[in-house]
2 protein chains.
Amino acid sequence: MKARDKLLNAAGQLFYEQGITATGIDTIITKASVAKMSLYNNFSSKSELVAAYIEERHQEWLQLFELRLKKAESSKAKVLAIFDAYQDHAESHYERGFRGCGLLNAAAEMPVDAPERKSVRLHKQEVQTLLEKHCQEYLTEHNSNFDLNSLVTHLSFLLEGSIMLAGLEASSDKVVQARQLADSLLEGAIK
Amino acid sequence: MKARDKLLNAAGQLFYEQGITATGIDTIITKASVAKMSLYNNFSSKSELVAAYIEERHQEWLQLFELRLKKAESSKAKVLAIFDAYQDHAESHYERGFRGCGLLNAAAEMPVDAPERKSVRLHKQEVQTLLEKHCQEYLTEHNSNFDLNSLVTHLSFLLEGSIMLAGLEASSDKVVQARQLADSLLEGAIK
DNA sequence: TTTTAGATAGACTGACCTGTATAGTTTCTA
DNA sequence: TAGAAACTATACAGGTCAGTCTATCTAAAA
């Protein structure tokens with residue numbers, strides 16, 4: 001395996017488990033079994049490694065979502081596939097200590113003006129856009145005039161609130177509950 | 001003002017704005033205009049200062065809530081007072097950079113087994129207990145057999161999801177929207 | 001076979017980290 | 001007014017931080 005990938009793997013695990021600021025360069029390269037210069041040949045600084053980490057987490061989630069989306073047959077199932085992907089994410093990290101959404105956690109430990117917060121914001125906006133798209137389809141399919149914006153906002157609160165509380169409790173239960181609530185919310189929107 | 005209070009003020013601001021791990025002892029004592037020994041005479045370690053910070057944030061919120069609760073006349077208004085307190089919190093920090101819930105942020109930057117995470121969990125449970133109490137009253141008052149647990153869970157997702165996204169966007173808008181959604185949710189629960 | 005790119009180990013810098021030790025000063029209070 | 005308690009400034013220890021430098025090695029490409 002290339003040094004860059006080893007680094008991303010090690011950093012991915014450590015950043016997620018210990019937090020970014022609390023994780024030092026030396027810990028990362030030791031876990032990756034890589035020389036320090038290999039880090040600085042692939043990334044110009046720790047910040048750049050952090051940026052790569054954030055991007056990777058997001059792509060990882062998008063892949064989980066794509067998998068779930070393929071299996072979704074109804075338009076409601078497509079909306080709920082977003083919740084499924086959150087659940088998959090939660091459960092994939094359960095054994096080594098689930099700690100919530102890596103992106104929200106990263107943003108939470110950065111100062112207000114940190115560039116990392118901006119990219120997390122963009123990623124969450126992308127999730128919101130996905131929600132909007134599939135909710136739109138769902139509503140038009142059922143000829144509902146339910147307010148799209150408030151539905152999307154509502155679902156995004158269920159999503160992020162549940163993953164946050166799930167992380168705090170180190171369990172995916174809350175995400176499962178959020179999915180159920182989202183389900184009945186969607187049902188209510190076409191009645 | 002006593003050194004202990006000066007320290008709690010300075011640490012409170014710095015921890016909230018910059019994150020806990022990223023804030024050093026020296027930065028805190030400089031901002032507090034206090035000698036280093038004053039810190040270690042009042043707190044045995046940085047961790048103890050962090051614990052005090054977390055406790056203080058929680059008490060601060062409880063006070064905001066008490067104020068709102070007093071003004072609430074209906075049982076629905078009492079439930080919504082919890083959302084109002086979140087909004088007050090968001091807006092009180094707006095000028096110097098709102099960054100979400102200090103407790104959730106603190107938990108987010110700590111390793112899975114950190115004691116800080118446990119106390120944050122306890123505080124969030126207290127909020128949930130308040131939600132439960134006032135929802136209970138609301139439902140019985142209106143002779144509703146709406147499921148209490150799912151209502152409370154739902155509201156807690158709206159609460160924590162909105163404060164998290166609000167922090168990411170440095171605006172209290174999301175919390176206001178969450179309150180509106182909570183309002184109609186409560187209305188729906190007694191129909 | 002020679003060149004080149006990627007990797008290695010490890011020493012090093014200078015700044016910053018938490019926490020301690022010492023000694024002098026202010027402030028409250030009995 | 002005398003003593004105790006709280007506070008100050010400063011220096012220091014021992015560690016860790018991000019990042020640089022050098023020198024060596026290996027493997028694939030030219």
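Lettering of chains follows the sequences in order, A, B, ..., and the numbering in each one begins at 1.
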key: Check ion pair A:Lys76-A:Glu187 (N to O, under 4.0 angstrom)   = yes

message = With a 4.0 Å limit, can you tell me whether A:Ser38 has a side-chain N or O closer than that to the phosphate oxygens OP1/OP2 of C:dT8?
response = yes

Could you pull out all donor-acceptor pairs under 3.5 Å where a side-chain atom in residues 126-135 of chain B meets a protein atom, sequence neighbours excluded?
residue	atom	partner	partner atom	Å
B:Glu126	OE1	B:His58	NE2	3.0
B:Thr129	OG1	B:Gln125	O	2.8

inquiry  = Are A:Ile163 and A:His89 packed together at the side-chain level, in the sense that at least one heavy-atom pair is separated by less than 4.5 angstrom?
reply    = yes

ring-ring contact (aromatic ring centres under 6.0 Å, His included) against B:Phe43, all qualifying residues, sequence neighbours excluded = none

inquiry  = Going by the rule ring-ring contact (aromatic ring centres under 6.0 Å, His included), which residues pair with B:Tyr40 if we only count those two or more places apart in sequence or in a different chain?
reply    = none

query = For B:Ala3, which contact category applies under a 4.0 Å heavy-atom criterion: base, sugar-phosphate, or nothing?
reply = sugar-phosphate

request  = Please name all residues satisfying ring-ring contact (aromatic ring centres under 6.0 Å, His included) with A:Phe157, sequence neighbours left out, ordered by chain then number.
outcome  = none

Rounded interatomic separation in angstrom, taking CG from A:Asp5 and C1' from C:dG6 = 14 Å

key: Rounded distance in Å - OH (A:Tyr40) to C1' (C:dA9)   = 16 Å

Which side-chain N or O atoms in residues 61-74 of chain B pair as donor and acceptor under 3.5 Å with protein atoms at least two apart or in another chain?
residue	atom	partner	partner atom	Å
B:Arg68	NE	B:Asp88	OD2	2.8
B:Arg68	NH2	B:Asp88	OD1	3.0
B:Ser74	OG	B:Ala77	N	3.0

Close approaches to DNA chain D from residues 41-52 of chain A, in residue order (heavy atom, under 4.0 Å) = A:Ser45, A:Lys46

Below 3.5 Å is the cut-off: list the nitrogen or oxygen pairs between protein and nucleotides 10-15 of chain C, distance only.
none

task = Provide, to the nearest angstrom, the distance between the NZ atom belonging to A:Lys2 and the P atom belonging to D:dA27.
result = 14 Å

query = Which residues, if any, of residues 23-34 of chain B bring a heavy atom under 4.0 Å of DNA chain C?
reply = B:Thr23, B:Gly24, B:Ile25, B:Asp26

Name the atoms and distances for all side-chain donor-acceptor pairs under 3.5 Å in residues 105-115 of chain A, with sequence neighbours left out.
residue	atom	partner	partner atom	Å
A:Asn105	ND2	A:Arg99	O	2.7
A:Glu109	OE1	A:Ile20	N	3.4
A:Glu109	OE1	A:Thr21	N	2.9
A:Glu109	OE1	A:Thr21	OG1	2.6
A:Glu109	OE2	A:Ile20	N	2.7

query = Ignoring hydrogens and geometry, is there a side-chain-to-backbone donor-acceptor pair from A:Asp183 to A:Arg179 under 3.5 Å?
reply = no

inquiry  = Is there a path of hydrophobic side-chain contacts, each under 4.5 Å between heavy atoms, that joins B:Leu155 and A:Val176?
reply    = no

key: Main-chain N/O of B:Leu186 paired to B:Tyr138 side chain as donor or acceptor, under 3.5 Å   = yes

inquiry  = For DNA chain D, which residues of residues 106-119 of chain A approach it to below 4.0 angstrom with any heavy atom?
reply    = none

Can I get a per-line list of side-chain donor-acceptor pairs under 3.5 Å for residues 6-13 of chain B, giving both atom names and the distance, sequence neighbours left out?
none

message = Please enumerate all residues that pass ring-ring contact (aromatic ring centres under 6.0 Å, His included) together with A:Tyr16, with sequence neighbours excluded.
response = A:His93

